[in-house]
Protein chains: 2
Amino acid sequence: MRLPLQALFANFGNSTNQLFLTPIMSLRNEQMAGRLSGVKEIARRANVSIATVDRVIHNRKGVSETTRQKINEIIQEIGFQPNILASRLASKKTNRFAVLIPDARETDYWKASLDGIERAYQEIKQYGVFLDRYLFDLNDKSTFVKYVNDMLKGSYDGVVMAPSFIEEAASFASACADRQIPYVFINSDVPNRDSLTYIGPHLYQSGYQAGQLIRFGLKQGKVLIVNISKEIDAYHHLLRKEEGFRQYMENTNTPEAPIRVEKIDITNTTDEAIQDALDTFLKEHTDIDAFFVTNSRVKSVAKYLRNTARQHRILIGYDLSEENIEYLKDGTIDFLIGQKPEEQGYLGVMSLFQHVVADKKIAKEQYMPIDIITKENFEFYKN
Amino acid sequence: MRLPLQALFANFGNSTNQLFLTPIMSLRNEQMAGRLSGVKEIARRANVSIATVDRVIHNRKGVSETTRQKINEIIQEIGFQPNILASRLASKKTNRFAVLIPDARETDYWKASLDGIERAYQEIKQYGVFLDRYLFDLNDKSTFVKYVNDMLKGSYDGVVMAPSFIEEAASFASACADRQIPYVFINSDVPNRDSLTYIGPHLYQSGYQAGQLIRFGLKQGKVLIVNISKEIDAYHHLLRKEEGFRQYMENTNTPEAPIRVEKIDITNTTDEAIQDALDTFLKEHTDIDAFFVTNSRVKSVAKYLRNTARQHRILIGYDLSEENIEYLKDGTIDFLIGQKPEEQGYLGVMSLFQHVVADKKIAKEQYMPIDIITKENFEFYKN
DNA sequence: TATAGTTTCGGGTACGTACCCGTAATGGTG
DNA sequence: CACCATTACGGGTACGTACCCGAAACTATA
């Protein structure tokens, strides 16, 4: 039995001051208030029926201005908050959401994201929410397009999507906007689109953070940035991380302790191709001290470094995949930067719910913490 | 691949009996709401009344063994999950919880914890839960004892406490156990007490993590551990961190690159006393490269280092207090280890709720992630 | 077999809110 | 002043579950 715990009331009210003054007595008051608050009490005080109070609460017509004001005053006075349990139970209203994310076959990053989506769904489905999941093939843009068309026919009340294919995602977003359907981007953003919210990493800053870690451990020397990506769209995101990383180095470089930055792009993502590319490059550049891999493919670099027993000082990459953690454990990888895919999925669905069902304000950007994961603390993190 | 949601309900579509009697719209609603799986449906299938189904669900007596089995089978078959909204609405049952944590005047660590508690309370109070907050004075053990006595008189259904005074907390725990009241420890544990759960940092491991960070940046040299605490109880917790830290150094020390560890205990926590103590110590030990402060008092060490413009390589401490963040921003502090007090408070209350109200299994230990906070990523973390 | 005691079960109402439907009050028009 | 359209409002039922109360069925005993 799962409870919709975090479903509602996401307001982070820090009005704790009163508590310091009256630590104990607060209960009695609230209990009292709990007993005689509610539409019935409002109706009694305003000398009207429950139905009229209900009309005021929901801004429906059919109430005289005098009565409306009187009721609103009482609502303010007793600080009425509707009982969502009863409310949602009584209204037979349902909502349909859809998510569009990559299929999880290739990586457990998207597996984690889907887990978060499921977790959110378990919590909110009792409130009369339905959720369809569309899992497209990252290697086949046409599946993305196909699902987009399906979704547009489905008349959903909200959409969560990972805009892996930027162009197509942008036009989908436009279509949603036309239909007044709120949409949420997770994992990566599409600039200049009026999404309900973006939930994901701050790419630039996470690269910047990687820079700090490398400089902290290296002091001076030569760093190699490794971009491994087949998809040109995804590549765009890697660039943002690279920018941040380079900027950090630039900001902190001094003549006495310089750090030089090299870079390699690998677009064939088979393991052999990656090993070959690294081998070729490193035969020519024997003085690389540290590696910054801009995504979860860091495992392939780790594999190379371990297999060749190549001397290196630092290896940093992204994401808590099982393979990556293995290399973290054996010391090949020094740091992993976590992007909380599970949390992204969870928040994506929840944000929609908060907006559509609970009518809450949603922050335009919800950046994930830039988790620094090491051999010493990884076991306290979930992906 | 699209996962068809309808599949979930496919099993229930064939029962035609009721459909003829029921108007189409009602059926439609039921289908939409996924409510062909409630007590009513079970009652219909078992050919009994709702009341009897209810008796089985709540293990009440007054049902023949035959009927009970039959109903249980149906419950299994359709995977019945009670609607918590309706359930909690119908039962007038209420629960009363209490929290006992330090007053937030001295530090915003406990402020954050209380925020988390409030956030949890906002979410669960509609389920008929009431919460009392007792905020004791960390400098006055008698307030702790006083509140403990108050709480024992209050006949609560559950308690969350920060066992700052170990002895007193332990005997309180015993008293709760006698009264069958579940209790949760947050922030620090009391060994050998059968608490519902412990929610807080893994002290030893967080010290171990600090060790990794210092070695990563320092390679070799001399480190000073700084324990600043007036309370002998709290001091015990600092020791656990120190142990972990020392163990890491021991595990990784090599003759070529040794790191030596010094230590200072400061028991007078006024700012002047701390400054004096540090000054005295460092006048005699001029070769300290790095500092590990075992709690949030790291700000005082940072203040000293900045004011004296003392050359140092690394400063690590605990907690995201505003002051600490200031020193993080200006580079005096290199790393802060976060212990998620807000999350601790939230989970403390929620765990109690899950256990008492929702009857869910709770993990015996819920360790917080050991967040590594830097100048580059702090803005993505809440305390 | 009548009676009392026990077990087993169903009807019905309540929880707090949503919303349909019917009616009284109001306003405007000839 | 009669008529109708419109506005303002109240009564009542439903949502899915909890639980009270009383009735039926069964068992045991004389």
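Not measured: the values here are computed from a predicted model. Labels below follow one simple rule: chain letters A, B, ... track the order of the sequence lines, proteins then strands, and each chain is numbered from 1.
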Checklist entry - Looking only at side chains, do B:R193 and B:S174 share a donor and an acceptor under 3.5 Å apart? => result yes
Checklist entry - Near DNA chain C, under 4.0 Å by heavy atom, which residues of residues 54-62 of chain B? => result B:R55, B:G62
Next on the checklist: Would you say B:S113 and B:E342 are linked by a side-chain donor-acceptor pair, where the criterion is simply a distance under 3.5 Å?
Outcome noted: no
Checklist entry - Any cation-pi pair here, B:R119 with B:Y346, using under 6.0 Å and within 45°? => result yes
Next on the checklist: As a quick check of understanding, evaluate ring-ring contact (aromatic ring centres under 6.0 Å, His included) for A:F130 and A:Y121, giving each step before the final call.
Outcome noted: CA-CA 8 Å; A:F130 293 101; A:Y121 183 48; 7.5 Å; no
Checklist entry - Given B:M151, which of B:V99, B:D132, B:V159 fulfils the side chain to side chain contact (heavy atoms under 4.5 Å, CB included) condition? => result B:V159
Checklist entry - Considering the terminal five base pairs at each end of the helix from C:dT1-D:dA30 to C:dG30-D:dC1, what angle separates the two local helix axes, rounded to 10°? => result 60°
Next on the checklist: Distance check needed: C:dC15 P versus B:L89 CG, whole Å only.
Outcome noted: 9 Å
Checklist entry - Are OP1 or OP2 of C:dA18 and a side-chain N or O of A:S87 less than 4.0 angstrom apart? => result yes
Checklist outcome for this item: A:K93 atom NZ is separated from C:dC20 atom P, nearest whole Å, by 13 Å
Checklist entry - Do the side chain of A:N383 and the main chain of A:A112 share a donor and acceptor less than 3.5 angstrom apart? => result no
Item to check | Residues in contact with DNA chain D, drawn from residues 63-72 of chain B - heavy-atom cutoff 4.0 Å | outcome: none
Checklist entry - Judged by atom type as modelled, is there a donor-acceptor pair below 3.5 Å linking the side chain of A:R96 to the main-chain atoms of A:G154? => result yes
Item to check | B:L85 CG - C:dC15 P separation (whole Å) | outcome: 17 Å
Item to check | 5' precedence on DNA chain C between A:A51 and A:K40 (nearest-nucleotide basis) | outcome: A:K40
Checklist entry - Quick one: side chain to side chain contact (heavy atoms under 4.5 Å, CB included) partners of A:A162, sequence neighbours excluded? => result A:I101, A:P102, A:W110, A:S164, A:I186
Checklist entry - Over how many whole Å does the gap from A:R44 atom CZ to D:dG10 atom C1' extend? => result 18 Å
Next on the checklist: Taking ring-ring contact (aromatic ring centres under 6.0 Å, His included) as the definition, give me every residue that meets it alongside A:Y183, ordered by chain and number, with sequence neighbours left out.
Outcome noted: A:F185
Item to check | Whole-Å distance separating the CD atom of B:E41 from the P atom of D:dC15 | outcome: 14 Å
Checklist entry - Tell me: CD1 of B:I50 to C1' of C:dT13, nearest whole Å? => result 12 Å
Item to check | N/O (side chain, A:T52) to phosphate O (OP1/OP2, D:dC9) under 4.0 Å | outcome: no
Checklist entry - How many Å lie between CD1 on B:I75 and C1' on D:dT17, as a whole number? => result 13 Å
Checklist entry - Is there a donor-acceptor pair under 3.5 Å between the side chain of B:D157 and the backbone N or O of B:F97? => result no
Atom pairs and distances, donor-acceptor, side-chain atoms in residues 56-63 of chain A, under 3.5 Å, two or more places apart:
unit_1 : atom_1 : unit_2 : atom_2 : d
A:H58  : ND1    : A:D54  : O      : 3.0
A:H58  : ND1    : A:D54  : OD1    : 3.4
A:H58  : ND1    : A:R60  : NH2    : 3.3
A:R60  : NH2    : A:D54  : OD2    : 2.3

Next on the checklist: Tell me whether the side-chain N/O atoms of B:S91 come closer than 4.0 Å to OP1 or OP2 in D:dA18.
Outcome noted: no
